[in-house]
There are 2 protein chains.
Amino acid sequence: MYKAPVEEIAFTLKHVAGLAPALEGGHLGDLTDDLVDAILSEAGRFASEEVAPLGAIGDTQGARLVDGKVKMPDGWPALYKAWAEGGWNSLTASPEFGGQGLPHMLHVAALEMWNSGSMAFAIGPTLTIGAIEALTAHGSDHLKATYLPKMVSGEWMGSMNLTEPHAGSDLGVMKTRAERRDDGTYRLFGQKIFITYGEHDFTDNIVHLVLARLPDAPAGTRGISLFLVPKFLVNEDGSLGARNDAYCHSIEHKLGIHGSPTCTMIYGDGRFGEEPGAIGWLVGEENRGLACMFTMMNNARLAVGMQGVAIAEAATQKAIAYAKERTQGKAPGWQGSGMSPIIEHPDVARMLLTMKVLTQGARAITYACAHAVDMSHGEEATHWSERASLLTPIAKSFATDAGVDVSSLGVQVHGGMGFIEETGAARLYRDARIAPIYEGTNGIQAIDLVTRKLPLSDGAHVRGFIAELREIAAKASAANAPALGETGARLEASIADLEAATEWLLATLAEGKQAEALAGATPYQRLFGLVLTGAYLAKGALADGGDGRNAERAALCRFAAENVIGETAALRDRVMTGAASLAAARVALG
Amino acid sequence: MYKAPVEEIAFTLKHVAGLAPALEGGHLGDLTDDLVDAILSEAGRFASEEVAPLGAIGDTQGARLVDGKVKMPDGWPALYKAWAEGGWNSLTASPEFGGQGLPHMLHVAALEMWNSGSMAFAIGPTLTIGAIEALTAHGSDHLKATYLPKMVSGEWMGSMNLTEPHAGSDLGVMKTRAERRDDGTYRLFGQKIFITYGEHDFTDNIVHLVLARLPDAPAGTRGISLFLVPKFLVNEDGSLGARNDAYCHSIEHKLGIHGSPTCTMIYGDGRFGEEPGAIGWLVGEENRGLACMFTMMNNARLAVGMQGVAIAEAATQKAIAYAKERTQGKAPGWQGSGMSPIIEHPDVARMLLTMKVLTQGARAITYACAHAVDMSHGEEATHWSERASLLTPIAKSFATDAGVDVSSLGVQVHGGMGFIEETGAARLYRDARIAPIYEGTNGIQAIDLVTRKLPLSDGAHVRGFIAELREIAAKASAANAPALGETGARLEASIADLEAATEWLLATLAEGKQAEALAGATPYQRLFGLVLTGAYLAKGALADGGDGRNAERAALCRFAAENVIGETAALRDRVMTGAASLAAARVALG
């Protein structure tokens with residue numbers, strides 16, 4: 001059973017991602033080291049003891065649509081209530097609406113733990129928190145006063161309604177329409193698909209944030225507005241009023257996260273209310289809906305990245321435990337009696353160590369991204385905001401790919417038992433697979449990274465970041481520690497690969513060769529993630545966590561350098577020389 | 001819906017794997033090119049039109065245990081009947097027992113197509129064919145006469161009973177016991193798990209081949225005997241007699257291949273018969289059971305490799321079809337009106353081309369292995385037998401890893417729809433995951449490759465093979481064709497990586513450093529597979545299939561060289577320098 005790795009999370013936050021210097025520098029208000037530890041510890045306890053035990057039933061029972069209502073898995077409504085009462089929904093929310101105003105880093109760390117316990121459970125609250133962010137940033141005072149306190153307390157949940165059958169990655173072509181009414185409200189008509197937690201029995205009311213198009217809106221993404229559409233209208237006194245004309249038509253039968261209801265939502269077909277039309281209120285300005293969404297889109301992407309880390313961590317723990325217990329054959333050098341635990345076999349150790357490296361690399365990248373988000377509200381706002389922007393697509397893609405790869409290795413380590421659902425390794429493998437897809441596919445992240453993030457400050461930001469990474473590699477080389485093996489040299493070589501690929505992409509973009517640059521976007525994104533994995537593990541190995549685990553960190557860092565990140569040279573070649581053969585080979589796709 | 005790629009299969013068989021020269025050289029009896037085409041064409045029709053349409057119901061309905069009997073999915077018993085009546089069970093079986101005595105290559109090609117249609121269906125007959133092989137090679141005349149004609153005709157099916165709860169990869173510790181009886185029969189007692197098609201309603205009788213231990217047997221793998229245990233005893237006249245004391249206790253709830261019943265089999269607990277004990281007959285000699293199994297184990301491994309190819313092919317077809325139909329966004333350079341088909345986006349094209357390369361590489365490797373099996377019965381038997389031995393672990397591991405990787409990319413290409421079960425991409429992803437595990441995990445394949453296959457003929461065989469690959473690279477370089485891009489140079493570099501890693505492993509093994517060699521076994525196996533992929537695609541591109549597709553093959557081969565196989569350098573480093581950091585990092589596993 002999953003046990004939250006609270007110490008490892010705290011170490012990564014403080015000594016790799018930047019929390020310790022930020023606390024020392026007074027950048028995070030009156031937050032103290034002790035408070036951080038207390039929050040992490042309690043979040044870990046809740047995730048391990050309350051959430052994780054209900055993960056399996058969420059998968060086998062799933063969310064079910066019964067008579068038009070979504071019934072959540074047994075025990076989950078009570079779990080949600082306990083979670084909300086624990087104040088976990090309000091961690092980062094503004095104190096003005098009952099939140100605790102804590103840094104994003106802590107939220108992200110807690111999020112990792114909920115998701116390790118049950119990704120299907122954690123995704124619901126995550127979306128509510130995203131809705132809270134959007135409403136806090138763009139809602140009118142009336143909307144905020146009406147909805148935010150109850151959303152922050154967890155009494156009501158939210159949902160995000162973007163996708164339509166023909167509008168997924170490209171939202172510009174969406175068809176849901178909104179009509180203005182004289183009283184300042186709007187009536188919405190249309191269908192949304194893939195709406196996570198669009199309907200459930202956790203809360204009495206659900207606050208849908210819905211993208212739609214006004215009749216006179218410009219075509220494309222500049223003609224989309226954001227609306228708040230509650231499941232039940234809210235009376236002046238805050239009590240629930242009439243049912244709004246918005247409902248869940250069906251839920252999807254999915255590969256994984258079965259406990260998370262993925263709804264097709266119907267707005268305004270007249271099932272409820274006196275006349276057809278779901279009553280909505282504008283959030284932000286007309287036709288600026290996508291901009292409103294973008295304020296929380298980066299955080300949502302980071303949250304999905306955390307799901308990758310979470311699945312990878314859970315899969316790694318499970319596989320290590322199994323590999324220590326299961327005996328089979330005799331490993332070379334095995335001196336014990338009988339068969340060896342399979343962890344003694346070099347190939348099994350290789351799988352487990354690779355899982356561990358990818359998990360910790362992904363964790364470090366996502367936490368560093370969260371740290372940049374926190375720092376972007378203070379001094380050097382531009383620098384940190386650019387850092388958060390640059391890291392977001394890498395964090396989302398690298399961590400979610402790690403979730404898939406690590407959970408796949410987890411199944412493999414379990415052998416035949418891994419294929420049996422009751423073992424639980426297969427559930428992680430199924431759950432993990434959505435994360436590289438939603439909140440912008442990893443291919444879209446790569447396009448974002450190359451075309452919008454590399455050019456920040458005319459390339460100065462990414463160049464500065466690479467220089468920082470070089471400092472880590474130089475320190476690893478200078479340490480001259482046998483425990484680090486070839487870490488310094490390997491890391492320097494990989495950073496050189498990153499630099500070469502980066503300069504090539506910047507030059508190619510500057511020449512307007514969009515297609516050539518995009519052909520290498522995914523290999524580049526992977527290359528960046530591998531370099532960061534090597535660099536952050538080295539940073540951790542060079543720091544002293546004061547917990548006597550330095551030798552362990554040095555050994556894992558060396559394994560990463562010598563056994564995991566070496567693909568950077570091939571990825572560099574793919575970026576810099578792969579476009580022509582990609583274009584030419586289209587003929588083979590018929 | 002899957003359409004069998006008959007032309008591509010025929011091309012690979014003939015011009016890459018060696019069928020054309022073997023036919024010309026008269027190595028395959030009176031088999032003709034026309035007959036090959038006719039068989040492939042009819043097998044393809046059956047797979048596309050009969051098997052594939054029943055794949056989805058096999059998954060959703062699955063095999064069900066009802067009142068002690070296994071009920072197969074709707075339509076499957078009739079499908080099996082049609083399949084057996086089509087003579088597909090008897091392709092490679094000896095004419096003495098009603099078989100057609102055709103080369104293994106044709107069986108393997110047909111197997112690919114059945115598995116693309118439904119892996120859960122195809123695995124059953126595959127195991128029967130394995131049982132036929134074992135019985136043909138090792139059974140007494142009486143057993144052969146009694147069982148083989150009905151197994152070859154498909155009237156009865158077979159099953160292979162090896163695994164026990166504590167004996168999976170390591171069969172030496174199995175506990176199922178067999179007692180001698182005065183009449184020359186045996187009584188078996190024990191439990192077997194993970195028995196594929198151990199029970200079903202396809203046929204009246206099921207012929208179980210069961211490994212068990214005699215009371216006075218030596219410990220370990222040298223004390224295991226093989227027994228034939230029919231579900232129903234067979235009367236002198238060939239009619240069915242009493243129920244034997246062997247039955248299916250339960251079936252597993254698995255990640256994939258739901259239509260394939262995975263049974264826990266109980267032998268000899270007294271449920272059936274007058275006294276407890278399942279009645280069995282010895283196959284081969286006492287205590288030589290594992291040797292009997294090994295005669296068919298290589299073919300079974302190759303058959304599982306085919307499952308990887310099959311899933312990869314089905315996933316690739318599905319993804320290409322979707323990517324041509326689905327429109328979203330505007331790809332760079334897109335001139336059409338509205339959104340582009342997503343296949344126009346460079347990142348999507350990269351995924352599809354990578355899928356195609358891995359599929360065709362895996363196909364070529366497995367077919368080349370089957371060709372070696374066929375040739376090992378003629379002249380130069382040692383050479384071809386060693387080639388088959390060397391290629392088997394690579395074929396099994398590379399192709400099954402390709403099945404997982406390609407089906408994962410297939411889900412990704414489908415975006416959100418890929419996560420919805422009804423789309424079918426997720427089923428392939430789930431089904432694929434068992435293939436790297438069963439019939440010897442891919443880690444076991446790597447151990448086999450490094451410790452038993454590289455040393456064949458003191459390393460001369462693998463060195464000779466590498467020299468053959470160099471010839472292909474040299475031809476690619478000499479062709480000097482712009483369409484091949486850097487193929488020759490890239491391939492030569494990758495072959496140099498393979499050679500360096502091979503020599504290092506041979507030297508390390510010679511020094512008795514088993515642990516160091518095994519630490520690099522999996523990277524080495526992957527390295528070998530990538531080199532073969534590049535080489536076989538080049539061989540195909542340099543051949544003329546006479547079908548006007550040369551340009552297409554050259555372009556895909558170039559893409560493989562410049563965008564897929566470049567990891568060989570990193571893999572070589574992992575083999576040659578990775579062992580020390582792997583050993584040191586064990587401390588990080590707790």
Got a second to check how far B:N442's CG is from A:D347's CG, nearest 0.5 Å?
9.0 Å
Per-residue contact mode, A:I343 against chain B (heavy atom under 4.5 angstrom):
both
Do side-chain atoms of A:R350 reach the backbone of B:A519 as a donor and acceptor pair under 3.5 angstrom?
yes
dist B:E562:CD -> A:D573:CG (nearest 0.5 Å) comes out at 10.0 Å
Identify which part of B:V173 has an atom lying under 4.5 Å from any heavy atom of chain A, answering side chain, backbone, both or neither.
side chain
So, using side chain to side chain donor-acceptor pair (under 3.5 Å) as the criterion, who are the partners of A:D448 when residues are at least two apart?
A:R452, A:K453
Measuring heavy-atom distances to chain B, does A:M351 have an atom under 4.5 Å in its side chain, in its backbone, in both, or in neither?
neither
Counting heavy-atom pairs under 4.5 Å with chain A, the top scorer among B:L171, B:I320, B:L353 is B:L353
Heavy atoms only, distances under 4.5 angstrom: which of A:H345, A:R553, A:E344 has the most pairs with chain B? Name it, please.
A:E344
Atom OG of B:S169 and atom CE of A:M339: how far apart are they, to the nearest 0.5 Å?
10.0 Å
Is A:I437 close to B:V411 at the side-chain level, that is, under 4.5 Å between some pair of heavy atoms?
yes
Counting heavy-atom pairs closer than 4.5 Å to chain B, which one of A:A579, A:G415, A:A483 comes out on top?
A:G415
In terms of heavy-atom pairs under 4.5 Å with chain B, the winner among A:G485, A:G333, A:A583, A:G168 is A:G168
Under 4.5 Å from any heavy atom of chain B - which part of A:A560
neither
A:A515 versus chain B, heavy atoms under 4.5 Å apart: side chain, backbone, both or neither?
both
Charged N-O contact under 4.0 Å between B:R586 and A:E552:
no
Greatest number of non-hydrogen atom pairs under 4.5 angstrom with chain A, of B:A425, B:A585, B:A570, falls to B:A585
At a heavy-atom distance under 4.5 Å, which candidate from A:E252, A:H253, A:R433 has the highest pair count against chain B?
A:R433
Closest approach of B:V587 and A:A555, non-hydrogen atoms and distance?
CG1-CB, 3.8 Å
In short, A:S581 meets B:N563 closest at the heavy-atom pair OG-ND2, 2.8 Å
Give, for atom CG of B:L255 and atom CG of A:L255, the distance between the pair rounded to the nearest 0.5 Å.
8.0 Å
When only pairs under 4.5 Å are counted, which of B:A426, B:G566, B:A588 shares the most heavy-atom pairs with chain A?
B:A588
List the steps, then state whether side chain to side chain contact (heavy atoms under 4.5 Å, CB included) holds for A:E567 with B:R574.
CA-CA 10 Å; A:E567 269 85 358; B:R574 235 159 260 175; 2.6 Å; yes
Within a radius of less than 6.0 Å around NZ of A:K330, do more than 12 heavy atoms belonging to other residues, nucleotides or ligands occur?
yes
Side chain to side chain contact (heavy atoms under 4.5 Å, CB included) for B:T577 and A:R490? Distances and angles first, verdict last.
CA-CA 12 Å; B:T577 69; A:R490 297 289 182 103; 3.0 Å; yes
So what's closer than 4.5 Å to chain A heavy atoms on B:A584: side chain, backbone, both or neither?
both
Counting only non-hydrogen atoms closer than 4.5 Å, does A:P165 touch chain B with its backbone (N, CA, C, O), its side chain (CB onward), both, or neither?
backbone
Using a 4.5 angstrom heavy-atom cutoff, name the option from B:T568, B:V564, B:T262 with the most pairs to chain A.
B:V564
Under a 4.0 Å N-O cut-off, is there an ion pair linking B:K254 with A:E422?
no
Heavy-atom donor-acceptor pair, A:Q412 side chain to B:P436 backbone, under 3.5 Å
yes
Among B:R549, B:E486, B:R430, B:Q514, residue most engaged with chain A (heavy-atom pairs, under 4.5 Å):
B:R430
Would B:D170 and A:T327 count as a side chain to side chain contact (heavy atoms under 4.5 Å, CB included) if you check the C-alpha gap in whole Å, the side-chain angles of each, and the deciding distance to 0.1 Å?
CA-CA 9 Å; B:D170 188 345; A:T327 60; over 6 Å; no
Residues 410-429 of chain B vs ring pair (Phe, Tyr, Trp, His ring centres under 6.0 Å), sequence neighbours excluded, gives A:Y429-B:Y429, B:Y322-B:H414
Please classify the contact of B:A580 with chain A as side chain, backbone, both or neither, using a heavy-atom distance under 4.5 Å.
both
Go through the atoms of A:S408 and report whether side chain, backbone, both or neither lie under 4.5 Å from a heavy atom of chain B.
both
If you measure from CD1 on B:I420 to CD1 on A:I434, what distance do you get to the nearest 0.5 Å?
7.5 Å
I'd like to know which of B:A569, B:G338, B:P523 tops the heavy-atom pair count under 4.5 Å against chain A.
B:P523
What distance separates B:L352 CG from A:L582 CG, expressed to the nearest 0.5 Å?
10.0 Å
For B:F559, is it the side chain, the backbone, both, or neither that has a heavy atom closer than 4.5 Å to a heavy atom of chain A?
both
